[in-house]
Amino acid sequence: PFVDKMRKKYGNHDHADGVPIPDELFGVMWCDGDTSQIATIIDNEEEYADRNITVCKHNPSRTARDQPCDVAKVFPAKKKLSKGMTVKHVLTELCPIKRALEEEFAKLYREKRVCMPSNKRNALTDCLSTLDEVLMQASQKKNVLHGWIETGLLDETVHYVPVFDKLFASRRKRTSLEEYNACLNAFPALFDYGLEHGHVPDDVYDLHGIAPDIDIFGKERRRDAGMSQENQHRAKILTHAVVKEKRQQAKESAELAHRKKVEMEEFEKNSARDEDQAIVDKLTKEKPLEDCTLEDFAGINAPLLRSFIVARHPTATVKSRLPNKGKIEGARSMMDVPDEYRVENLILMAYNVRTLPSRLLSTSSDDDVSAEEEVPEVGEQWRVHRVQIQLNANLYPVAPSKLLGNPAWVELVFRIFDKDEHLNRAPVTAVLLANANKVWEHLKSRMHNHLSRVKENQHHHWSLMWARKNLAVVAAHMVLFKHAKDVSCANSQSCLIMLPSQSCNYLRPTNNNAKWHGAYLHADENEGVIIRCGMTTQSEGFVGRNKDHEKRAKADRNDDNCHFYNAYPSTESRRAGCRGRDGYWESLVQYVAAGFDPCDGAIAAFQRDESLGGLFSVTEEEQKRIRALNIRGKDHAQQKFAVMAAYLFELGYDLALSPNSN
């Protein structure tokens, strides 16, 4: 409100009219940089931007020397005037504010809300009665300007220009001529760096030969704390675009670390449950758990016995504190010994807790799981996270391992996507089948998260349902062409596919396959990450689509604010200097993820169900819907099925990318 009032009074601008604030009326606000102050500023970033106010913070532990309000004569003058100004000699009837204060204090005292003795109430009444006059005299213009002049923020003559020598004189220690000249020579470069980045870190000061801070004990004090401790940073512009971007990145990194921690805790919990279930399954093959004998437990290895005990024992909950396994003879000899004299081993401890309920294994009443929710099997130890997704009977009819178990289907995949035999083909082994199923599980899980970004009324659209049930085809394709990593330890943030530099089994869209259709990847060769997946079914194929991207990247404008072209503008574009970019278009390389020749008769297999010699799982109803699609330039059924195939592989490879890079 104060800033708005000053702009209206001196700049003839009323913010209430909704007129944008001109640049010449920009405002700058300084704060001490306390944690609570910074939090308040971050919460109101949009309001400061809307009101064209730049917010800065002072250096830590320096506000007594750098803050104009602290250095000004206002506070000392107020303290001095308060000692000599009083209304004790003035009758209460002649001083309205004194009368109001006395009446209010008397009321609060009667209500026992203020329990101060009368002498303290009288002193406080006298102080508050003179406060307006004290502040009026103490807050004279000369007293306020004194702080700005002494800190060097305003010159002494016209009160407009900062003074370097005054700024430099605020140092607490004596300065040599050499130090002064070093600071003077480095000032222009440091000033420009601060304007561009919003903050000058210690390593930049080091490059210019500026001595580090010294604490009260005479030791070097580095100001290199992370974004979670901005109050420890040197002076900075809190609302600067670069600072806000770093703050957002730190927030996302913290959230990612938290998610990984939660996932790891869940993984450890699941592993413990799996171990407990394994020993129960082994013991109960022929009889109930309560009927098991010492001999039965003696046949279990020590790690499983420890898991079994920790899951049931009321006090022994730390594996490292448990005794050794021991011998069955020792366990048998201690069975009838009183507890205070018993020396237990793992065999005896496991036997004694066999009838106690497990804290890890769910009972029928513990979880109310509907029949329409997918519950992971106990043996899926490779899964770091477990999710529940809504299923219907036909959602995932075929697993990748089943598809890969059909030699004719595998040969069809090679015939369509590698008809010239340029790629290395992975042999179908038990390891490959297992990894294909794991990749498929991750894709299904991420598909569930992907749907959360789709309008709810479209979750059951037939095209999405078709794509979901055919994710098995994408997973099988990834492992056959060695695009998929070993995903045994992957989590929800992992990239499931290899980089082109790792796999060496990606084709570049050149020569014969330049005009093929399908899904493609863009890899940032500078950062070593795959940043996006796309599809094309235009007549010019992969090369034509890449030319479209290049044209948009080189354009000086990005009218639809597409994130891809904002993140990777061309060096030839005027947008190349944008601070929010992740790289340049010239560092991106296009690779074929899944490409096919649109003129090849083999793609007629797209129109048949996999049980009838086709590639995908597609019902007669879905075939009718695809043929009825109205796609510009795609009049024939084979062309429409090719569009659906390209869409499926784009979706599958997109889900396989890391959310942090995509």
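- Between the CG atom in Asn44 and the CG atom in Asp50 there is a gap of 11.5 Å [rounded to 0.5 Å].
- Other residues, nucleotides and ligands contribute over 12 non-hydrogen atoms within 6.0 Å of the CD atom of Gln248.
- By the neighbour-count criterion of 12 heavy atoms within 6.0 Å, atom CD of Glu111 is densely surrounded, having more than that number from other residues, nucleotides or ligands.
- For the 3.5 Å distance criterion, the side chains of Gln232 and Arg222 fail to qualify, holding no donor opposite an acceptor.
- With sequence neighbours excluded, no residue forms a ring-ring contact (aromatic ring centres under 6.0 Å, His included) with His146.
- Ion pairing between a basic and an acidic side chain is recognised when a charged N comes within 4.0 Å of a carboxylate O; Glu230 and Lys236 show such pairing.
- Under the 3.5 Å distance criterion, the side-chain polar atoms of Ser587 are left unmatched by any main-chain donor or acceptor of Gly583.
- Remark: the Asn566 side chain and the Arg581 side chain contain no N/O donor-acceptor pair separated by less than 3.5 Å.
- Other residues, nucleotides and ligands place no more than 12 heavy atoms under 6.0 Å from the NZ atom of Lys78.
- In the model, Tyr180 has no side-chain atom that pairs as donor or acceptor with a side-chain atom of Asn185 under 3.5 Å.
- Counting only heavy atoms from C-beta outward, the side chains of Ile53 and Val28 never approach each other to under 4.5 Å.
- Looking at Asn526 and Tyr584, their side chains never bring a donor and an acceptor atom within 3.5 Å of each other.
- The six-membered or imidazole ring of His240 lies away from that of His197, with a centre-to-centre distance of 6.0 Å or more.
- To the nearest 0.5 Å, atoms CG (Asp32) and OG (Ser61) are separated by 11.0 Å.
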For salt bridge (Lys or Arg N to Asp or Glu O under 4.0 Å), just list the numbers for Glu150 and Lys166, CA-CA rounded to whole Å, side-chain angles, deciding distance to a tenth of an Å, and then say yes or no. CA-CA 7 Å; Glu150 286 301 309; Lys166 282 281 188 178; 3.5 Å; yes
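- For the atom pair CD1 (Ile149) and CG (Leu154), the distance works out to 7.0 Å, reported to the nearest 0.5 Å.
- At a threshold of 4.5 Å between non-hydrogen side-chain atoms, the residues Tyr568 and Asp524 count as touching.
- Atom CE of Met85 sits about 4.0 Å away from atom CD of Gln137, to the nearest 0.5 Å.
- At a cut-off of 3.5 Å, with distance as the only test, no side-chain donor of His258 or Lys261 sits close to an acceptor on the other residue.
- Counted by atom type alone, Arg359 and Thr317 present zero donor-acceptor pairs between their side chains at under 3.5 Å.
- The pair Arg51-Glu47 counts as a salt bridge, with a side-chain nitrogen and a carboxylate oxygen less than 4.0 angstrom apart.
- Ring centroids of Phe564 and His522 are separated by less than 6.0 Å, placing the two rings close together.
- Between Ser494 and Asn491 the shortest side-chain heavy-atom distance falls below 4.5 Å.
- Between Asp556 and Arg574 a salt bridge is recorded (basic side-chain N to carboxylate O distance below 4.0 Å).
- One finds a salt bridge joining Glu45 and Arg247 here, because a Lys/Arg side-chain nitrogen approaches an Asp/Glu carboxylate oxygen to under 4.0 Å.
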side-chain contact (heavy atoms from CB on, under 4.5 Å) between Arg121 and Ser118, worked out: CA-CA 5 Å; Arg121 295 200 307 269; Ser118 59; 3.9 Å; yes
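- Between Phe164 and Phe187, a ring centre-to-centre spacing shorter than 6.0 Å is recorded.
- Rounding to the nearest 0.5 Å gives a distance of 12.0 Å between CG of Asn59 and CD of Gln67.
- Not one N or O on the side chain of Lys73 forms a donor-acceptor pair closer than 3.5 Å with the backbone of Leu145.
- The distance from atom CD1 of Ile38 to atom OG1 of Thr35, rounded to the nearest 0.5 Å, is 6.0 Å.
- One finds a salt bridge joining Lys8 and Asp14 here, because a Lys/Arg side-chain nitrogen approaches an Asp/Glu carboxylate oxygen to under 4.0 Å.
- Listed for the Asp155 side chain is a donor-acceptor partner under 3.5 Å among the backbone atoms of Val161.
- Between the side chain of Thr239 and the backbone N or O of Val55, at least one donor-acceptor pair lies under 3.5 Å.
- Here the side chains of Cys31 and His58 are not in contact, with every heavy-atom distance at 4.5 Å or above.
- Comment: Asp213 engages Arg234 in a salt bridge, judged by a side-chain N to carboxylate O separation of less than 4.0 angstrom.
- For Glu24, the CD atom counts as densely surrounded, since its 6.0 Å shell holds more than 12 non-hydrogen atoms of other residues, nucleotides or ligands.
- Aromatic pair His159/Trp148: centroids not less than 6.0 angstrom apart.
- Proximity of Cys95 to Ile97: side-chain heavy atoms (C-beta onward) are separated by under 4.5 Å at one or more points.
- For CG of Asp203, the number of neighbouring non-hydrogen atoms (other residues, nucleotides, ligands) closer than 6.0 Å is greater than 12.
- Side-chain N/O atoms of Lys319 and Ser307 include a donor and acceptor closer than 3.5 Å.
- Remark: Tyr193 OH is packed, more than 12 non-hydrogen atoms of other residues, nucleotides or ligands lying under 6.0 Å away.
- Thr130 has its side chain out of reach of Ser82: every pair of non-hydrogen atoms, C-beta onward, lies at least 4.5 Å apart.
- A salt bridge is defined here as a Lys NZ or Arg NE, NH1 or NH2 lying under 4.0 Å from an Asp or Glu carboxylate O, and Asp276 with Arg312 meets this definition.
- Taking the centre and axis of the six-membered ring of Tyr565, the NZ or CZ atom of Arg575 falls outside the cone set by 45° and 6.0 Å.
- You'll find the side chain of Ser170 reaches within 4.5 Å of the side chain of Arg62, heavy atoms only.
- Between Asp66 and Thr151, the side chains place no donor N or O within less than 3.5 Å of an acceptor N or O (distance only, hydrogens not considered).
- Taking 4.5 Å as the limit, every side-chain heavy atom of His199 sits out of range of all side-chain heavy atoms of Val242.
- Shown here is Asn12, whose CG atom has no more than 12 heavy atoms of other residues, nucleotides or ligands within 6.0 Å.
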